[in-house]
Amino acid sequence: MALGIQDSDLERLLLTRRLRSAASAWPLSALLRLGAIGVVATTPAAVTRPVPFAIWAATAIALGLATGWLTRAATKPPVDLSRLQASAAVTERVGFAEALWWAAGLGWAAWVGPAGAMGTIVAAGAAAMLGPLLYHRGHLQGERLRAALLATALSAGAALGEGAASVPYLLLIAFLAASVWLELGRRERIFAGDVRRDFARNRADHRILDLLNQHESQGFDWSWTVDADGRLRDVSPGFAEAFGTIATDLEGAEFASLFEPGQEREALAGALAEGSEFRELPLRLAGDGAGPLMMLSGHRAALADGPRRGTGRVAALHEPAAGRVARMALVDPLTALANRHALLGRLRDMLGGAADRDRPAALFVVDIDDFQSVNDTHGPKVGDALLREFAMRIRGDARAADMVARIGGNRFAVAIETVGGDSLLIGRAHRLLAIAREPFGLHGATIRLSTSVGLARSEAHMTAAELLRRAELALHSAKAKGRDRMVLYEESLDRGARDRRLLESELRDALSRKELVVHYQPVIALATGETVAFEALVRWNHPTRGPLMPDSFLPVAEESGLILTLGAWVIRRALEDVARWEGSFRLAINLSPSQTRDPRLASIIETALAITAFPPSRLEFEITEHVLLEDADRGRRTLERLRGLGVQIALDDFGTGYSSLSYLRSFRFDRVKIDRVFVGDIEHSDEARAIVSIITRLAQALDMQTTAEGVEDPRQLDLLRKLGCDEAQGFLIHRPVDAGKIAAAREAGEAFPDASARLADYREARRAAAPRLSPRSL
């Protein structure tokens with residue numbers, strides 16, 4: 001046959017897979033049978049008749065070894081059908097002899113053994129009977145015969161040895177034999193079906209390969225084939241000639257690496273990885289950039305781990321394709337939208353030439369929020385499909401004269417000519433936000449998205465690059481405000497951007513200049529008024545701006561990536577400070593979302609704990625729900641790793657977000673911190689008191705502690721205690737102070753320095769009340 005596949009190939013494939021599977025699983029099956037022999041050795045039949053038992057055991061082991069050797073030898077190359085058939089027949093005969101020998105030995109042990117030994121014999125027989133289930137790929141009837149022989153011998157031995165008392169054992173043996181019989185049949189159907197499907201796919205792949213080779217031999221395009229790892233296989237002479245070498249030099253080479261780096265090569269590698277189809281992808285051979293231009297097309301892979309095939313040609317040999325190649329240099333290969341280069345060209349056309357600088361245009365830049373979590377959760381194949389679907393949606397919403405482009409990984413742009421006012425543009429931006437909110441059904445998963453949109457409109461004498469810069473600056477502002485937002489560019493954004501850049505530059509030098517310090521705010525137990533914890537809070541002693549609170553520089557650190565260095569420094573500094581203080585208090589440290597995404601976080605904490613010898617059980621890390629909101633799975637994995645270090649985890653700002661209750665169900669926190677929004681209104685608002693009461697009761701039910709933040713009035717302390725809150729912190733108790741003051745106070749025997757008179761009164765009242773209260777009320 002032209003395909004090179006005969007009907008006997010299916011039988012060869014079936015036999016090969018049966019023998020290879022049996023050979024790979026034989027050690028485990030042999031171990032199970034050795035265990036069964038050991039069990040039989042403990043029975044009275046074996047103990048009182050050691051010679052017959054030894055003969056039986058040695059022969060059973062020898063037959064088992066012979067079976068394993070035969071199956072392994074049969075799979076060694078070269079493997080032809082006649083050899084496989086002979087090996088399968090010999091293996092089957094040896095297996096049948098082994099089954100007879102086991103049946104005879106176990107039947108004999110059941111017959112001659114005294115009453116009470118039957119349970120041990122049945123256990124050994126069950127182990128021998130279940131052996132085929134570990135590696136079933138052999139002959140179905142032979143394996144069923146093995147089970148039937150063992151069941152018959154055990155039943156006969158039990159009936160002869162114990163008479164009517166053997167009925168429970170006979171029922172158990174019958175049930176076990178029937179289960180093995182049925183399970184072997186089910187596995188055989190699954191195995192044979194899988195082999196036949198793989199055979200059919202291989203036949204189709206060979207047909208495609210023959211057609212491609214025929215196409216190439218007739219002087220058309222050359223064909224290529226890569227394996228699941230993207231490496232060349234079955235390199236044809238025409239392909240090798242196009243690359244200026246011989247076929248053997250290219251065999252096994254990574255296909256994508258043969259071309260110049262760039263967006264097109266990334267598109268090729270992505271298509272090969274996901275097995276997707278692509279057409280006329282222009283790539284230039286790797287080198288000095290002057291090599292021939294190749295036009296590649298690829299077929300969809302038949303199997304997820306199977307080969308990928310396609311065709312290619314040298315574009316220089318087809319002059320009519322030159323115009324198409326030039327156009328493709330302006331197209332995003334994944335979504336077929338315009339790319340960033342094409343967008344800038346269109347914007348230049350919209351903004352006009354030298355004689356026409358006042359044509360109105362507007363640019364929307366759209367960014368998918370937290371797109372990385374889609375890739376992490378569903379894989380890059382679903383991520384690419386999502387980008388294509390989203391591109392189709394915004395393209396469908398655009399007018400014919402508009403340009404829609406993909407200008408980054410998950411960033412898109414829409415350029416329009418318009419004379420409308422800001423209200424019309426804002427309405428269009430909200431329509432783009434609404435497009436993303438509609439669920440996406442992809443690969444069996446339902447994915448919900450949100451986007452951020454930056455909008456800018458042109459002014460006289462504006463360049464394309466400046467319009468794009470303004471739109472991206474507005475997008476940056478939208479993302480800073482949260483998900484699902486749009487922002488229209490205004491001049492204040494430029495001023496804010498300049499301030500952020502300056503602050504970022506200064507922050508980079510702040511650590512080396514020792515301008516950053518850590519302050520500590522005490523936390524008290526409401527039952528006693530005593531200090532039980534300190535929260536570490538970073539401060540910046542800016543040389544010209546004065547003391548800066550975290551809210552003024554931590555967002556800049558988060559955006560710029562400096563938060564990782566800053567956060568690691570705070571962890572080390574805080575542990576070094578408090579490790580010298582006497583007492584059993586906790587140390588609480590805040591973690592940002594970026595820190596929890598850092599794979600080095602656990603090792604940083606572990607190293608700091610080891611250096612300072614601070615007990616992990618007294619260290620607590622506070623996170624907000626944004627850690628889990630941005631990437632729930634990765635956030636939970638990080639928290640589990642921290643939990644493995646022995647530290648405590650607290651959920652900060654509880655009650656102010658969207659999904660706090662669901663997070664309490666999905667992860668067990670040690671503590672929840674009640675936000676100051678509720679604490680500040682607790683004296684005057686029934687609603688605030690009700691919310692605090694609900695939070696404390698929920699925490700108690702889940703075995704979590706509660707800490708109230710922002711306490712500024714002594715009456716709040718009493719109310720919080722009566723509502724079931726465990727701890728409190730705030731300016732009433734003490735403002736954050738540097739480590740030196742707290743260390744000095746603790747050396748002097750004070751809980752913390754300069755305690756206010758109002759707090760001292762509360763503490764004294766709690767001490768006085770302690771003898772009258774039960775331990776539970778405290």
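These numbers come from a predicted model, not from an experiment.
Looking only at side-chain heavy atoms (C-beta outward), Ile589 and Leu619 come within less than 4.5 Å of each other. Put simply, the side chain of Phe412 reaches to within 4.5 Å of the side chain of Leu387, judged on heavy atoms. Side-chain atoms of Ile674 and Val692, non-hydrogen and from C-beta on, do get closer than 4.5 Å to each other. Contact of the His430 side chain with the Met486 side chain is registered, since non-hydrogen atoms from C-beta on lie closer than 4.5 Å. With contacts defined as side-chain heavy-atom distances shorter than 4.5 Å, the pair Ile623/Phe669 qualifies. At least one side-chain heavy atom of Leu432 sits under 4.5 Å from a side-chain heavy atom of Phe364. Between Cys725 and Arg721, the closest side-chain pair of non-hydrogen atoms is not below 4.5 Å. Residues Leu516 and Leu566 are in side-chain contact: their nearest non-hydrogen atoms beyond the backbone lie under 4.5 Å apart.
Between Arg676 and Glu709, no side-chain nitrogen of the basic residue sits less than 4.0 Å from a carboxylate oxygen of the acidic one, so the salt-bridge criterion is not met. For the pair Arg767 and Glu530, the salt-bridge criterion is met [side-chain N within less than 4.0 Å of a carboxylate O]. Taking 4.0 Å as the cut-off between side-chain N and carboxylate O, Glu576 and Arg573 count as a salt-bridged pair. A salt bridge links Glu472 with Arg411: the distance from a Lys NZ or Arg NE/NH1/NH2 to an Asp or Glu carboxylate oxygen falls below 4.0 Å. The residues Glu640 and Arg643 are annotated as not salt-bridged, no charged nitrogen and carboxylate oxygen being separated by less than 4.0 angstrom. For Glu727 and Arg671, the salt-bridge test passes: some basic side-chain N is under 4.0 Å from an acidic carboxylate O. A salt bridge is absent between Arg715 and Asp718: the closest approach of a Lys/Arg side-chain nitrogen to an acidic carboxylate oxygen does not fall below 4.0 angstrom. A salt bridge is absent between Glu491 and Arg470; no separation between the charged side-chain nitrogens and carboxylate oxygens falls under 4.0 Å.
Minimum interatomic distance between Gly583 and Arg618 (heavy atoms only, all atoms of both residues): O-NH2, 3.1 Å. Closest heavy-atom contact between Leu363 and Ala413: CD1-CB, 4.1 Å. Annotation for Val672 and Met704: closest pair CG1-SD, 4.2 Å, computed over non-hydrogen atoms. When every heavy atom of Leu723 is checked against every heavy atom of Ile682, the shortest pair comes out as CD1-CD1, 3.5 Å. In this structure, Ile563 and Ser594 approach most closely via the heavy-atom pair CG2-CB, 3.5 Å. Leu642 and Ala602 make their closest contact through CD2-CA, 4.2 Å (heavy atoms, listed as atom of the first residue, atom of the second, distance).
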### Message
Run the salt bridge (charged side-chain N to carboxylate O under 4.0 Å, His left out) test on Glu506 and Arg513 for me, step by step, so that the C-alpha distance in whole Å, both residues' side-chain angles and the decisive distance to 0.1 Å come before the verdict.
### Response
CA-CA 10 Å; Glu506 295 172 336; Arg513 295 175 180 172; over 6 Å; no
### Query
Stepwise, does the side-chain contact (heavy atoms from CB on, under 4.5 Å) test hold for Leu587 with Glu620?
CA-CA 6 Å; Leu587 171 65; Glu620 179 178 271; over 6 Å; no
### Task
Could you walk me through whether Ile571 and Leu601 pass the side-chain contact (heavy atoms from CB on, under 4.5 Å) test, one step at a time?
CA-CA 10 Å; Ile571 291 171; Leu601 177 63; 4.2 Å; yes
### Task
Go through the steps for Asp422 and Arg457 under the test salt bridge (charged side-chain N to carboxylate O under 4.0 Å, His left out), then give the verdict.
CA-CA 9 Å; Asp422 289 350; Arg457 62 185 314 152; 2.9 Å; yes
### Query
For Arg763 and Thr528, what are the C-alpha separation, side-chain angles and deciding distance, and is it a side-chain contact (heavy atoms from CB on, under 4.5 Å)?
CA-CA 6 Å; Arg763 182 181 294 163; Thr528 63; over 6 Å; no
### Message
Show, in sequence, the C-alpha distance, side-chain angles and deciding distance for Asp681 and Arg689, and conclude whether the side-chain contact (heavy atoms from CB on, under 4.5 Å) test is met.
### Response
CA-CA 8 Å; Asp681 293 338; Arg689 285 194 294 273; over 6 Å; no
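A donor-acceptor pair under 3.5 Å links the side-chain atoms of Gln648 to the main chain of Ser617, judged by distance alone. Checked by atom type and distance alone, the side chain of Asp332 never pairs as donor or acceptor with a backbone atom of Asn339 at under 3.5 Å. Within the 3.5 Å criterion, the main-chain N or O of Thr706 finds a donor-acceptor partner in the side chain of Asp726. Panel note: side chain Asp652, backbone Glu622; no donor-acceptor pair is recorded below 3.5 Å. In this structure, Arg340 contributes its side chain and Ile407 its backbone to a donor-acceptor pair below 3.5 Å. Within the 3.5 Å criterion, the main-chain N or O of Ala361 finds a donor-acceptor partner in the side chain of Ser458. Thr612 contributes no side-chain N or O that, together with a main-chain N or O of Ala579, makes up a donor-acceptor pair within less than 3.5 Å.
Summarising the local packing, CG of Asp703 is surrounded by 12 or fewer heavy atoms from other residues, nucleotides or ligands at distances under 6.0 Å. For Arg437, the CZ atom counts as densely surrounded, since its 6.0 Å shell holds more than 12 non-hydrogen atoms of other residues, nucleotides or ligands.
Between the side chains of Gln729 and Gln521, at least one donor N or O lies within less than 3.5 Å of an accepting N or O. When only modelled atom types and interatomic distance are considered, Asn590 and Gln595 share no side-chain donor-acceptor pair under 3.5 Å. A donor-acceptor pair shorter than 3.5 Å cannot be found between the side chains of Ser685 and Glu687.
The structure places CG of Leu548 at 6.0 Å from NE2 of His542, a figure rounded to the nearest 0.5 Å. How far OG1 of Thr451 is from CG of Leu449: 8.0 Å, rounded to the nearest 0.5 Å. Going from atom OG1 of Thr607 over to atom CG of Leu575 covers 11.0 Å, rounded to the nearest 0.5 Å. Atom CZ in Arg483 sits 8.5 Å away from atom OG in Ser452 (nearest 0.5 Å). Of the inter-residue distances, the one linking Tyr762 atom OH with Ile524 atom CD1 reads 6.0 Å to the nearest 0.5 angstrom. Distance CG/Asp738 to CG/Asp577: 9.0 Å, rounded to 0.5 Å.
The salt bridge (charged side-chain N to carboxylate O under 4.0 Å, His left out) pairs that include a residue from residues 426-436 are Asp397-Arg428, Asp397-Arg431, Asp402-Arg428, where partners are two or more places apart or lie in different chains.
In this structure, Phe585 and Phe614 have tilted ring planes: the angle between them lies in the 30° to 60° band.
Annotation: Tyr520 is in aromatic contact with Trp581 [ring centroid separation under 6.0 Å].
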